[in-house]
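Worksheet for the structure shown next.
Proteins get letters first, then strands, A, B, ... in listed order; numbering begins at 1 in each. What you see is a predicted model, and the numbers here were worked out from it, not measured in a lab.
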Amino acid sequence: MLIFLLRRLIQACFVMIIISVISFAIQGNLGDPIQQMVSVTASQDERNQLRESLGLNDNFINQYWRFAKKAVQGDLGTSFYYKKPVLEVIFQKVPATLELAFCAILLIIFVATPCGVLAAIKPKNPISRLIMIVSSIGLSVPIFIVAIFMVYFFSIEWNVAPSFGRGETTEILGLWESGLFTKDGLSHLLLPSLSLAIALMPIFIRLIRAEMMEVLQSEYIRFAWSKGLSTPRIYFIHALKNTMLPIITVGGIQAGTLVAYTILTETIFQWPGMGFLFMDAVSRVDTPLISAYLIVVGGMFVMTNTLVDLVYGLVNPTVRLASHGI
Amino acid sequence: MNIKVMIAGCLALLLLSKASASTLRMAFNADPISLDPHEHLSEGTLQFSHLVFDPLLRWNKQGQFESRLATKWQRLDSRTIRFYLRQNVTFHSGNKFSANDVAYTINRLKISPDFRAMFDTIDSTSIIDDYTIDVHATTPNPLLLNIMTYVFPMDKTFYKDQDQIIKYGETFASRNVSGTGPFTLVSRELGSRMELKRSPAYWDTKSVGNVDQIILTPIRADSTRLAALLSGDVDFIFPISPIDIERTKRASGIQVVTLPSTRILLLHMNQNRREEFQDIRVRKAINLAINQSLIVEKIQKGYATPAGQLSSDRFLGYVKNLKPEYDLAKALELMKEAGYEKGFRISMMAPNNRYLNDEKIAQAISAMLARINITVDLKTLPKAQYFKEFNNKTADIMMLGWLSDTMDSNNLFEFIIACQDVETGFGAYNASEYCNHSIDENIKQANREMNPERRIRLLQQIEQAVYNDSVVVPLYWQQLTWAAKNKVRIQDIVNDQNYPYLGDLVIEDE
Amino acid sequence: MKYNKKDLTHPISGDRWNHIWSGFIGDKLAVLALLIFLFYCAISLLAPLLAPFDIDDPAFMDLMNSEIAPSWISHDYRFLLGTDAQGRDLLSVILYGTRLSLTIGICAVLIQATLGICIGLIAGYLGGRIDNFLMRCADIQLSFSNMMVAIVFLAIFQSLFGIAMYQQLAMVILILVIGLTEWPLFARTVRASVLAEKQQEYVDAARVMGISSKRIMFRHILPNTLSPILVIFTVQIANAIVAEAALSFLGLGMPSTEPSLGSLIAEGMAYMFAGSWWICVIPSVTLIILILAMNLLGDWLRDHLNPKVYKD
């Protein structure tokens, strides 16, 4: 177990190093930092002097080493536009994105699980058929189209829910700006989280159904039937529990898709989260911000994946034996 | 823990809903990049200046001057105006306002890279007493008062010794602000939210304005901004895209206010980058190939005025018979004459979030130029990127919108047409890199000319010369379009310069 | 990550294909999906012939004709599906847009498949450390969503080359970025098949006969892994097209002068409220039908070829 753990950690570090090299390369190559720092009238000498004093004439490895040392200390540079340390800028936007993702995940869990289970245990039922048809179609509608039409109908035509921003937020413990505790904040969450959930729901419904059907045919369930256990108990305790393992794995992988989709959702709904920030930074060529976003999101990925792997390893001992691949 | 937080949240909600009676939530297309009123000469900065600072004097709706921090003024001679300042005015920092602050502000304006071209005409100030100050122009200056509308006195004690101006840089003044204006800054999250509250000590107690709190959210996308208004998220938006105006007018509880403005949209054809553009026949052909009226009709849905010259009809330089022309056959012929029958390939840049429908207009223009065999590689950039490119003049054709700061034709000529001069700031936005010394002479002459009739003749002469030489392609004069809930009486406070005087805004009770 | 060996161990014989084909013909939905896909391919290939207007003609974009509703509403029969805000004939623009979207989708998946198959074969056949390494790479790659990677890389390219340069290279960059980000799906499936095949007697026999491992891999093992590849191929084309549309929608894909379906939708969005819904709705419907057909086809193949495809 210890070796497994160690391996995963080394791997995580390795990935982070690669990410940091990429993001360093971005910082170095996108736009000349000197251009951004001095006024237009500065002479060539002044520029060269500044270049020297900033160490921009050193070789790539030295510069990278300096960058990495600073990065480990939490200093990823200063945003050109916000004129603040980039990490501060990004962390200010983290709550918005996490809340959006969290609500979407809640919606997915509470809608996809019953739908998937129903479709698995009663495949011939008209409702299950409807669920499957809808999820097939849902799988084919890109998220941005869902979002556009939601904005159009729900907020412009029918005025049911607002379509931009987070609305009223309250500060919790002085750290976390939350929109979950005000009616206004919740109503603002409705459309973005719904479109995010709708985009990912079909995958999970189909997955739960498929896994569930497989489990229902296993001897273990047949044995449970013959033992005379109650129907809901079999379905929801014994069968569902066993479908969870692959779903966790897929969920871990889909977390990446979720982050990508938050970029789209946030852009459409002007949700002041990290994705919106990133697209803004791209349009402003705010390179320190772009590269810091890369590191932060990369770090989040690596962390969740390592955690999922470890949890998986704890839950399912066979993984430890064949820890690589299949 | 959670319950406590919930209760706190509910309480906050209650309190806020009570206070929101006179809260103005507005969504504009941009927020000021910097809090320093002298860093950028831009609409966003000036709008912000009118909130947090007060000018010495300002324009009212009738085009007259209205006293603000200067109670009255008096022309001593052709070069000097004496201003009598308002007493008992304090800055948000608590410092008292006096003539020192005015002198300080004018000196700072004189070194601001964006404002110095306008303020170079001011030689010095002399402080008579605490509340009297004389402003001396270098030469007899007919527009001295127009320029003084840009003096938003800054708190000298507050800014002193840390007042450097760095464009896009981080300075004390770009993060901190102390003015005398109706609102004080509460918080600012660049690019997403700015909150202001009414200054309790504001001197203008007679103002009918009843807005206690302003929450400004920049929303870039036109449709999102409109959706925010329609769904009740905000009370006041600018601008509303012309394509949506007809339908918005039919929405209940929403009003649309439009005003013709003097902002001209134009295209620069860079003569240094392209030798083709040095040929007047090519420039003329481009002018003839672009159909301004069609652009206005189809893209702006009629909410603009097609332009054949730079000065709008409010300005002295306006020449009545210079109309936009469109004649494709003639344009083709001119191209042929110039030896470019087969056309050529050029690059063009336009912003995509600065002027209403700017990207669509740029696309339409590139299609129109294709008719005379000019292939356009069009790039449209977000404005933050665009204006850096504009400063570097990185494309052959660049789009620019210009609002005459002094409400006078000569300002257009000074910045857009005059030869470039880094020292004086002349021609700072001349991306044509066109340089004609006789026009320059006239521009300088018009800056000094005190005789109104001679001055009109001069300005019209320049306008005619610019037209004859096809220096730029004027497109149209923009119209300003606002929309708000009916209870927000915006029609009283908006103006054709687009500096809404929100201090005087009334929100009616529902 | 268990797999059922039984599913993988039948080399598909000619009989099996016949069987699949007859099953296919019997399934009306699958036939319909295939027909739709073929129809899209046909109109994409023939776009220059089918389009009523030549999009390269300077007269194509004429503001005079802007925002004309589809012909069944406006009764303007010059423009079957109406025109967009710039006066372009929507039908022609959509035809070319589909062509572009489909080209990007198919090319990107070809890259994915080539890369994935090679890596999968090598990993599966050689095994050991190489296998370990390659599969860890695949895991890492998979853990970053391809959309995310694509967004980041396109954003970087855009700033690196400047928007001008980028717009010229947009198509190639899109294909490369989408192509290079999703190979692990192919690689894993192929590897799993190879592992199963490797234990088959015919492989041992081939090895004993002294046939080179390259030949064994490509001539003997690969043909037997075709059915899962076919399934992934179909589904991935759909995914690639969606990815391209989403990227274009964000302004990171095709420029508005050379619109794909995604950029058409993004542009049309502004006209929804004003009542010119067709500019947004018609390209959206075109896109959705294409994706739906591809997904249905993929589902059917999965059900009937019954390969164990590694789900993402």
Side-chain angles (χ1 to χ4, degrees), chain A residues 11 14-15 18 22 26 29-31 136-137 139-145 148-149 151-152 156-157 203 206-207 210 246 249-250 252-261 263-264 267-268 275 278-279 281-283 285 287 290 293-294 297-298 301-302 304-305 308-309 318-319 322 324-326, chain C residues 1-3 123 131-136 138-140 142-156 158-160 188 191-192 195 238 241-243 245-246 249-252 262 265-266 268-269 272-273 277 280-281 284 287-296 299 310-312:
Chain A
Q11 183 196 322
F14 183 67
V15 175
I18 293 177
I22 293 176
I26 298 169
N29 290 319
L30 283 190
S136 277
I137 297 174
L139 200 64
S140 308
V141 184
I143 178 169
F144 56 94
I145 295 184
I148 293 175
F149 285 92
V151 171
Y152 181 69
I156 295 182
E157 285 290 329
I203 302 175
R206 290 159 64 108
L207 182 69
T249 333
V250 176
I253 291 170
Q254 290 293 338
T257 317
L258 191 72
V259 174
Y261 281 2
I263 298 184
L264 281 162
T267 312
I268 295 171
F278 176 69
M279 288 313 291
V282 168
S283 77
V285 201
T287 33
I290 296 176
Y293 178 84
L294 202 63
V297 170
F301 271 122
V302 171
T304 39
N305 275 300
V308 167
D309 274 357
T318 54
V319 173
H324 344 284
I326 304 179
Chain C
M1 293 183 201
K2 54 216 155 32
Y3 65 101
D131 178 26
N132 257 340
F133 174 75
L134 289 175
M135 284 304 108
R136 286 321 297 170
D139 281 353
I140 292 166
L142 262 188
S143 68
F144 290 88
S145 123
N146 71 320
M147 264 293 282
M148 191 67 225
V149 176
I151 289 175
V152 167
F153 272 95
L154 288 175
I156 293 169
Q158 209 172 65
S159 335
L160 203 64
R188 280 186 169 190
R191 174 178 170 273
L195 285 184
I241 292 174
V242 172
F249 180 82
L250 281 175
L252 295 171
I265 297 167
M269 194 176 131
M272 285 286 287
F273 179 71
W277 50 268
C280 184
V281 172
S284 304
L287 180 65
I288 293 172
I289 292 177
L290 172 60
I291 308 296
L292 189 61
M294 299 298 294
N295 279 337
L296 286 176
D299 280 358
Y310 288 90
K311 309 170 193 110
D312 58 321

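By number of non-hydrogen pairs under 4.5 angstrom with chain C, the leading residue of A:Tyr293, A:Tyr261, A:Phe149 is A:Phe149. Interface check for chain A: of the options C:Ala243, C:Ala266, C:Ala123, C:Ala245, the most heavy-atom pairs under 4.5 Å are formed by C:Ala245. Of the residues considered (A:Pro142, A:Ala281, A:Gly298, A:Ala260), A:Ala260 shows the highest number of contacts with chain C, using heavy-atom pairs under 4.5 Å. Interface check for chain A: of the options C:Leu287, C:Val152, C:Leu250, the most heavy-atom pairs under 4.5 Å are formed by C:Leu250.
Of the two parts of C:Ile241, neither the backbone nor the side chain holds a non-hydrogen atom closer than 4.5 Å to a non-hydrogen atom of chain A. Contacts of A:Ile268 with chain C are made by side-chain atoms alone, with heavy-atom separations under 4.5 Å and no backbone atom involved. Contact of C:Phe249 with chain A is made through the side chain alone, with heavy-atom distances under 4.5 Å. At a 4.5 Å heavy-atom cutoff, the contact between C:Asp299 and chain A is made by side-chain atoms alone. Looking at C:Ala246, both its backbone and its side chain come within 4.5 Å of chain A, counting heavy atoms on both sides.
In this structure the side chain of A:Arg206 reaches within 4.5 angstrom of the side chain of A:Ser136, judged on heavy atoms.
Distance check: A:Ile145 CD1 to C:Ile265 CD1 gives 4.0 Å after rounding to the nearest 0.5 Å. From C:Asn295, atom CG reaches atom CG of A:Leu139 across 4.5 Å, with rounding to the nearest 0.5 Å. Atom OG1 of residue A:Thr267 and atom CZ of residue A:Phe278 lie 10.0 Å apart, to the nearest 0.5 angstrom.
Exactly one residue among C:Leu292, C:Ile288, C:Val242 makes a side chain to side chain contact (heavy atoms under 4.5 Å, CB included) with A:Val141. That residue is C:Ile288.
Counting non-hydrogen atoms of other residues, nucleotides and ligands closer than 6.0 Å to OH of A:Tyr152 gives a total above 12.
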